[in-house]
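Single-structure report; data block below.
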2 protein chains.
Amino acid sequence: MVSTTQELKEAGLKATVPRMKILEILDQRRDDHMTAEDVYKVLLENNEDIGLATVYRVLTQFEQAGLVHRHHFEGGQSIFELAQGEHHDHMLCTVCGKVEEFVDEEIEKRQLAIAKKAGYRITDHSLYIYGVCPNCQKKGK
Amino acid sequence: MVSTTQELKEAGLKATVPRMKILEILDQRRDDHMTAEDVYKVLLENNEDIGLATVYRVLTQFEQAGLVHRHHFEGGQSIFELAQGEHHDHMLCTVCGKVEEFVDEEIEKRQLAIAKKAGYRITDHSLYIYGVCPNCQKKGK
DNA sequence: GGATGTAATGAGAAGCTTTTGCATTTGTAA
DNA sequence: TTACAAATGCAAAAGCTTCTCATTACATCC
Ligand SMILES: [Mn+2]
Ligand SMILES: [Mn+2]
Ligand SMILES: [Zn+2]
Ligand SMILES: [Zn+2]
């Protein structure tokens with residue numbers, strides 16, 4: 001059994017109540033890609049006494065510890081998701097906001113090749129495809 | 001000769017002084033990828049009496065008219081560049097901030113295929129590769 | 001060229017998201 | 001349990017961006 005306490009300790013973080021609650025929320029909603037405000041709202045619903053500043057602080061710490069990934073989708077705010085499973089990229093519906101994940105080995109390879117050719121030591125990359133999902137295409141006539 | 005006045009009219013925008021000045025700056029610095037603040041600073045240097053609010057308004061209008069592209073690199077602020085020439089993606093040095101452009105037909109194709117397979121009508125995409133440029137690798141030991 | 005109506009602008013206030021300062025609380029390791 | 005550093009809540013502050021509104025500039029028509 002992998003407790004949140006254990007997970008936090010392994011990440012080199014003290015196992016505090018706010019950190020455990022936030023980690024749980026991210027874990028339960030693993031299909032979502034949430035803003036700090038989203039996480040905060042769930043905490044409020046659960047009657048947790050955790051401040052928004054702490055949510056921001058904890059999410060940033062989680063990011064630095066490699067527990068979560070931060071995205072910058074269109075719109076500006078930071079979006080967080082639990083860093084679990086394989087690396088993947090994202091396709092977003094600009095109408096309903098749905099987020100779909102995908103992996104394409106060929107694209108990954110090409111990216112490495114491009115970086116290598118230019119002499120860059122690659123640290124990260126982000127690929128977002130924006131479009132209208134099948135569902136929203138129907139509704140939109 | 002393609003005047004800025006003409007360019008603006010073709011885009012359906014009144015040819016005002018602020019719009020012409022901003023378009024000129026983007027055109028002169030076509031290698032750069034500038035924030036609104038960057039553009040504003042150049043205006044100040046040139047002793048133009050143009051407010052920051054106008055810079056934001058104009059850049060947004062240019063974006064809607066298809067004259068500029070807006071990016072969301074790591075860090076949050078909007079980054080603008082003149083929408084000229086072919087579509088391209090970006091590779092950024094996380095140390096010095098250098099921006100390099102590239103095009104990869106294979107990646108473009110794969111993206112279309114991914115969207116098609118999922119039934120999405122693709123509207124846009126953004127691919128950013130982050131890394132350390134050759135120059136910064138040398139300096140960094 | 002000059003008048004007219006509308007769209008655009010500058011300045012500052014306001015809005016959002018995110019970060020920071022600080023007094024207080026909590027977790028950890030003796 | 002105790003002790004101390006680390007973490008937290010709250011409020012204030014700090015970006016970045018948008019909005020409001022009185023004033024100005026542009027385009028059109030004379
Ligand atoms: Mn994801
Ligand atoms: Mn570019
Ligand atoms: Zn949709
Ligand atoms: Zn560099």
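We name chains A, B, ... by the order of the sequence lines, and we start the count at 1 in each one. None of these values were measured; they are calculated from a predicted model.
Looking at heavy atoms from C-beta onward, R29(B) lies out of side-chain contact with D27(B) at the 4.5 angstrom threshold.
Taking atom CD of E48(B) as the reference point, atom P of dA25(D) lies 14 Å away to the nearest angstrom. What separates CG of L8(A) from C1' of dT28(C) is a distance of 14 Å, to the nearest Å. Distance CD (E37(B)) to C1' (dT17(D)): 11 Å, rounded to an integer number of Å. Remark: C1' of dA7(D) and CD of Q64(A) are 15 Å apart, rounded to the nearest angstrom. Note: CE (M34(A)) to P (dT17(C)) measures 15 Å, nearest angstrom. Atom CD in Q6(B) sits roughly 18 Å away from atom P in dC26(D) (whole-Å rounding). In this structure, the NE2 atom of H72(A) is 13 Å from the P atom of dT17(D), given to the nearest Å. Look at CZ on F73(A): it is 16 Å from P on dT17(C), rounded to the nearest Å.
Side-chain proximity of Q77(B) to dT17(C), dC16(D), dT28(C): nearest is dC16(D).
Taking the C1' atoms of five terminal pairs at each end of the helix from dG1(C)-dC30(D) to dA30(C)-dT1(D), the two resulting helix axes are inclined by 40°, rounded to 10°.
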*What string of B, S and - do you get for nucleotides 7-13 of chain C, 5' to 3', when a contact is any protein heavy atom under 4.0 Å?*
SSBBBB-
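Within 4.0 Å (heavy atoms only), S78(A) reaches sugar-phosphate atoms of the nucleic acid but no base atom. If you check every strand for non-hydrogen atoms under 4.0 Å, A36(A) touches nothing.
Between K9(A) and the phosphate of dG27(C), there is no side-chain N or O to OP1/OP2 separation shorter than 4.0 Å. Applying the 4.0 Å criterion to OP1 and OP2 of dT19(C), one finds that Y56(A) has every side-chain N and O outside that range.
Partner of Y56(A) under the side-chain contact (heavy atoms from CB on, under 4.5 Å) criterion, out of T54(A), L59(A), L52(A), V58(A): L52(A) alone.
Between Q137(A) and V132(A), the closest heavy-atom pair is NE2-O, 2.8 Å.
The aromatic rings of H90(A) and Y128(A) are tilted relative to each other, their planes meeting at an angle between 30° and 60°. Taking the six-membered ring where tryptophan is involved, the planes of H71(A) and H69(A) are perpendicular, since the angle between them exceeds 60° and thus also 30°.
A salt bridge does not link K9(A) with E7(A): none of the charged nitrogens is closer than 4.0 Å to a carboxylate oxygen. Salt bridge annotation for E106(A)-R110(B): absent, with no cationic side-chain nitrogen under 4.0 angstrom from a carboxylate oxygen.
Panel note: side chain S78(B), backbone R70(B); no donor-acceptor pair is recorded below 3.5 Å. Checked by atom type and distance alone, the side chain of T4(B) never pairs as donor or acceptor with a backbone atom of M20(B) at under 3.5 Å.
Looking at which nucleotide of DNA chain D each of G76(B) and T5(B) is closest to, the 5′-most match is held by G76(B).
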